[in-house]
Amino acid sequence: MKQLLMILVRGYQRFISPLFPPSCRYSPTCSAYTLTALQKHGAVKGTLMGIARILRCNPFVRGGYDPVPDHFSLHRNKPAEEAYLKEMNLKIKP
């Protein structure tokens with residue numbers, strides 16, 4: 001099941017995504033996030049994490065760095081973002 005879902009996401013990346021301008025507010029992109037979530041957490045949890053990420057990717061959020069957490073969570077990976085910003089010497093926005 002996990003492999004099928006990964007094939008579907010890769011198909012989206014290859015055939016559908018290039019038809020539209022880049023619009024993801026996060027790094028890594030939502031499709032890359034979903035692939036990583038599927039690899040780390042399996043079909044069910046990875047799919048839920050991918051769906052939650054896509055729902056978070058809207059015009060009302062600031063976006064930024066949001067990698068897949070090591071433990072299952074449907075929320076943004078704030079500790080990783082803060083560590084990344086601190087490493088890059090950037091100010092954290094509230």
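For this chain, numbers begin at 1 and follow the sequence in order. None of these values were measured; they are calculated from a predicted model.
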Nearest heavy-atom contact between Glu81 and Tyr65 is CB-O, 3.4 Å
Table please: side-chain donor-acceptor pairs of residues 38-50 below 3.5 Å, with sequence neighbours left out.
from, atom 1, to, atom 2, distance (Å)
Lys40, NZ, Val68, O, 3.3
Lys40, NZ, Asp70, OD1, 2.9
His41, NE2, Pro69, O, 2.9
Thr47, OG1, Ala43, O, 2.6

Is Leu74 linked to Tyr33 within one hydrophobic cluster, defined over Ile, Leu, Val, Met, Phe, Trp and Tyr using a side-chain heavy-atom separation of less than 4.5 Å? yes
SG of Cys30 to CD1 of Ile51: how many Å apart, nearest 0.5 Å? 12.0 Å
Sorted by first residue and then second, give each side-chain hydrogen bond (donor to acceptor under 3.5 Å, both in side chains) pair with at least one member in residues 6-25; sequence neighbours left out. Gln13-Ser31
Interatomic distance, Lys78 atom NZ to Ser73 atom OG [nearest 0.5 angstrom]: 10.5 Å
To check you understand the geometry: which heavy-atom pair defines the closest contact between Arg76 and Asp66, and what is its length? CG-OD1, 3.6 Å
Would Leu35 and Ile16 show up in the same hydrophobic cluster when neighbours are defined by side-chain heavy atoms closer than 4.5 Å? no
Going from OG1 on Thr34 to CG on Leu8, what distance comes out if it is rounded to the nearest 0.5 angstrom? 11.5 Å
